[in-house]
Amino acid sequence: MPNSNKQIDLAITIPQNGMGTNTTTHNHQVKLALTLDHREWLGFLADEWWPLNSPDKSSRLGVGTPRDIAVSEDKITVVAWIDSARLPQVEVLSWRANQWLRVSLADVGEIDEEVVWPGPLPLFAVSSFSVVNQLDKARLLAMSRGFSNISAPTQPIHVERYSLKVSTAQQPPDQKDQTAFTPSQDWNSDRGAAAMAVWAVPAVAPWLDVLCESLDLSTEGFTANRLGAAWWSEPPWRSRPSNGRDVDAHNITFWRATVDVLRAVRMREAWRPLQVLDEIRERALSNGITRSSLEELVSETRELLNDERTVRLDQRHFGALGAALQLVLLRPTPERFITWTHELRALPPVIWWTGAMLSGLVQGYRDLEPRFRGMTEGRSLLAIRTLQLSNIETARIGWPGASTAKPKWSREAGKVRLYWDDKNWAERSENSRGRWFAANLEQPDIRRAAIDVAQHFSPTCLRQRLRLKDQQLAILGAGVVQVETKGAPLLVINGAIELNLPVEASITTEIDDDSFRQWLIHEGIVERLPEPPLVGSTRKLDAGHRDTVPGLVFVPDFISAIEEREILATIDAAPWRDDMKRRVQHYGWAYNYKAKKVEPKDRLGPLPEWAEQIGARLVEKGFVEELPDQVIVNEYVVGQGISKHVDCPSCFRGAIVTISLSESWEMFFWSPEGRKTVLTLDRRSATIIGGDAREKWKHEIPKRLNEPWGPRGRRVSLTFRKVDIHSHKARHPSSR
Ligand SMILES: O=C(O)CCC(=O)C(=O)O
Ligand SMILES: [Fe+2]
């Protein structure tokens with residue numbers, strides 16, 4: 001955008017002098033030199049822009065040759081070589097033929113002796129530094145490592161002889177239109193807040209969205225409002241929305257007062273939290289906050305600061321915001337603030353995040369430790385973006401490589417990657433909270449694990465589901481029961497009633513997806529969350545192996561995903577036998593693994609309804625001839641399996657069927673000659689083992705940690721058999 005206007009600007013601003021208009025050199029290679037002493041150099045590294053600390057933010061740069069500034073004997077002279085192509089191609093003042101002229105940066109060349117860059121210079125525009133001897137270089141590097149808020153520059157420091165040129169230029173005239181280049185007074189604080197916001201963002205989707213929106217040039221933080229954290233739509237680095245459409249005026253007003261006061265704190269000079277608190281109170285009152293709610297927060301916070309009470313995370317009047325402020329007042333610097341997570345295990349993410357951001361605001365970018373500043377790419381993008389967001393004038397300046405795109409994020413290989421266009425500018429590690437949030441709760445094994453998690457951590461996300469079928473139940477008690485049919489049917493009970501439920505009535509535990517996710521977004525989690533199960537172990541079968549075992553029939557998707565979930569829920573609600581290596585449940589007939597037989601005394605009763613239904617379907621589809629009357633549920637966790645065997649030929653009649661749930665694992669089939677055939681038992685499939693496969697071949701589930709496609713979690717199988725109680729055939733030597 002600036003490039004297209006360049007020629008026109010030139011035509012207007014270059015006067016017709018002796019050089020003529022055509023002699024301007026379009027030399028982008030020209031090196032601009034900023035001469036600094038070592039203290040200034042350290043300041044440049046701390047701020048990453050130069051100069052920010054002085055009222056005049058412009059810099060005089062030598063063209064090709066560094067300017068000779070009066071550096072005293074005891075100081076080291078450092079030359080920063082600026083690559084003009086990394087700066088916006090705007091107009092600068094140039095000392096050309098003994099006068100100051102306004103020229104485009106792109107046209108600065110050998111004919112210019114010196115230019116005045118109209119604003120602070122970014123460290124990222126520096127291509128290298130120069131010093132005159134090795135000792136100076138060593139001293140500079142040592143100094144840059146000696147301060148907690150400075151890291152050694154990524155640019156090389158060359159040792160070379162250069163000449164300094166005494167300036168012949170007059171004092172440059174005042175530039176009236178510098179505003180676009182002069183960051184706001186608060187830029188240091190606001191940039192500190194932004195850096196901490198990135199560093200501390202909870203790696204959970206909605207909070208990552210909030211962060212991206214907070215750095216977007218256009219949006220107004222809808223996600224933040226939806227999450228009850230409206231103040232994140234008005235982070236310090238954004239000039240306030242003029243339309244003032246606040247959904248949470250109370251919190252926003254308090255937030256503005258807090259930010260205004262905290263960003264004016266000069267931590268280096270003094271830290272007086274009680275005074276800061278009073279100032280926030282004053283400011284909030286004059287902004288129109290109701291006295292009573294504010295006074296309560298203020299007096300409680302005073303007690304906290306005076307060590308007369310301990311931190312309470314459920315702030316009544318200002319919620320997460322009030323709590324975050326209290327924590328920041330207690331520990332104002334980021335490196336101390338972040339230690340709260342160790343002491344307050346149940347710290348909700350938004351309190352921690354808001355507080356961390358405020359600690360960055362109080363500390364300011366200059367004093368921020370490099371670990372909080374992020375990657376090099378991110379630093380420059382964040383600096384430019386906070387400049388753009390702080391005032392409209394600066395937003396118009398086209399920084400090379402700076403994007404106007406929306407910031408986005410993605411999850412990749414255990415990382416959360418933040419990017420603009422295709423530029424990666426920040427990374428966070430994923431955590432189990434974020435992984436749970438992203439997990440597909442439709443997957444039965446994930447859902448099951450989520451129920452476990454909820455049972456342990458947040459039972460209010462759970463529901464009990466009562467399933468009744470073809471019943472007429474007497475209503476006991478004085479209450480009244482009605483069924484409302486408008487919209488989704490609703491059973492309305494007024495007063496108390498009781499029902500005598502038949503034994504077959506099933507009650508299963510269900511999870512409410514929304515409340516589970518809300519819990520993941522908002523709540524402090526005291527213990528380590530287990531990881532959601534991997535769903536990698538679901539691979540489509542290659543058909544090649546299926547025909548090689550005679551008598552084997554493989555039926556993919558015999559069970560639907562919903563059935564799978566329901567059966568697993570029912571199974572998990574029933575007791576497990578754990579007298580073996582793996583857990584099992586026996587239905588219909590108990591099986592004696594030692595004696596390898598079934599006797600009349602082993603009869604347990606009819607199959608449960610779910611097993612009865614599947615058995616009937618197996619007959620109906622012609623996979624087995626007789627209705628199965630025994631089902632064994634096997635649970636295998638990582639490392640477990642079943643050794644090579646033939647299912648007891650004399651105990652059962654006809655084909656046996658195994659149905660695989662929750663993960664796909666391999667089964668090995670061994671021919672009578674000892675040849676191995678591998679079959680993947682896809683989850684939800686049925687494998688019918690009949691004929692030779694049943695009688696002559698052995699089968700096995702290897703005991704191992706991984707399947708070829710990923711680590712094992714948990715597999716559950718259902719084996720359906722027809723018990724042959726009258727058969728007295730000899731036992732197969734290695735039968736089960
Ligand atoms: O887990 C399976 O699918 C097979 C179980 C099995 O072979 C058996 O119980 O005999
Ligand atoms: Fe078996």
Side-chain angles (χ1 to χ4, degrees), residues 445 537-538 541 545-546 549 551-556 558-559 564 567-568 571 576-577 579-598 602 611 614 618 623-624 628-671 676-704 707 712-724 731-736:
D445 41 352
S537 302
T538 48
L541 191 74
H545 287 140
R546 290 182 185 162
V549 184
L552 190 73
V553 178
F554 181 84
V555 188
F558 182 72
I559 298 279
E564 183 190 37
I567 294 170
L568 281 168
I571 285 170
W576 290 91
R577 260 179 63 171
D579 50 343
M580 312 183 9
K581 280 211 183 102
R582 58 176 192 279
R583 298 199 299 170
V584 294
Q585 293 179 13
H586 290 194
Y587 294 103
W589 294 83
Y591 181 63
N592 186 336
Y593 291 92
K594 282 220 179 78
K596 295 189 172 111
K597 58 183 179 190
V598 185
D602 298 325
I614 294 175
L618 288 169
F623 296 135
V624 293
D629 58 0
Q630 190 216 33
V631 173
I632 292 182
V633 181
N634 281 298
E635 178 196 54
Y636 306 87
V637 292
V638 63
Q640 293 180 336
I642 189 165
S643 38
K644 260 193 236 183
H645 68 278
V646 172
D647 287 33
C648 169
S650 62
C651 311
F652 311 107
R653 239 182 2 235
I656 60 165
V657 179
T658 185
I659 290 172
S660 300
L661 305 180
S662 91
E663 279 182 22
S664 308
W665 291 15
E666 285 181 344
M667 181 175 259
F668 295 168
F669 286 87
W670 296 92
S671 75
K676 183 174 88 174
T677 301
V678 181
L679 173 70
T680 305
L681 305 183
D682 296 65
R683 62 187 296 184
R684 301 197 283 273
S685 67
T687 306
I688 294 113
I689 308 174
D692 281 358
R694 162 85 177 87
E695 279 153 29
K696 303 207 172 107
W697 288 56
K698 290 181 185 169
H699 54 275
E700 171 190 8
I701 290 172
K703 301 179 176 75
R704 60 190 185 187
E707 290 304 316
R712 280 181 171 184
R714 176 200 198 218
R715 171 179 178 265
V716 172
S717 72
L718 319 170
T719 39
F720 286 77
R721 303 183 180 93
K722 171 71 193 164
V723 168
D724 188 1
R731 281 212 322 257
H732 190 279
S734 63
S735 72
R736 294 185 70 88

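We count ligands from 1, going down the list as the structure has it; atoms in each ligand are counted the same way. Nothing here was measured: the structure is a model prediction, and the numbers come from that model. Because only heavy atoms are used, hydrogens play no part in the values below, and waters and symmetry mates are left out as well, while side chains stay in. Residue indices begin at 1 and follow the sequence shown.
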- Decide salt bridge (charged side-chain N to carboxylate O under 4.0 Å, His left out) for R704 and E666; before the verdict, give the C-alpha distance in whole Å, the side-chain angles of both, and the deciding distance to 0.1 Å. CA-CA 11 Å; R704 60 190 185 187; E666 285 181 344; 2.7 Å; yes
Ligand 1 versus [X], non-hydrogen atoms closer than 4.0 Å: side chain, backbone, both, neither?
X	value
I632	neither
R582	neither
I656	neither

- In this structure, which one of V657, L718, V631 forms a side-chain contact (heavy atoms from CB on, under 4.5 Å) with I614?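 Answer after filtering V657, L718, V631: L718.
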Which of the numbered atoms in ligand 1 are below 4.0 angstrom from a heavy atom of [X]?
X	value
I642	6 (C), 7 (O), 8 (C), 9 (O)
S717	1 (O), 2 (C), 3 (O)
D647	10 (O)
R721	8 (C), 9 (O), 10 (O)
N634	5 (C), 9 (O)
R715	1 (O), 2 (C), 3 (O)
Y636	1 (O), 2 (C), 4 (C), 5 (C)

- Message: Does either side chain, that of W589 or that of D629, offer a donor lying less than 3.5 Å from an acceptor on the other one?
- Response: yes
- Message: What is the name of the N/O/S atom of H645 that is nearest to the Fe ion (ligand 2)?
- Response: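 For H645, the N, O or S atom at the smallest distance from the Fe ion (ligand 2) is NE2.
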- F652 side chain near Q630 side chain, heavy-atom distance below 4.5 Å: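 Answer yes - side chains close enough.
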- When rounded to the nearest 0.5 angstrom, what is the spacing between CD in E663 and CG in L681?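 Taking CD in E663 and CG in L681, the distance rounds to 12.5 Å.
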- Query: To the nearest 10 degrees, how large is the angle at the Fe ion (ligand 2) between D647 OD1 and H699 NE2?
  - Reply: 90°
- Query: Under the salt bridge (charged side-chain N to carboxylate O under 4.0 Å, His left out) criterion, do E707 and R712 qualify, and how do the steps go?
  - Reply: CA-CA 6 Å; E707 290 304 316; R712 280 181 171 184; 2.6 Å; yes
- Query: Where do A655 and V624 come nearest, in terms of heavy atoms and distance?
  - Reply: O-CG1, 3.9 Å
- Message: R715 and side-chain hydrogen bond (donor to acceptor under 3.5 Å, both in side chains): which single residue from S662, S664, S660 fits?
- Response: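 Result for side-chain hydrogen bond (donor to acceptor under 3.5 Å, both in side chains) with R715: S660.
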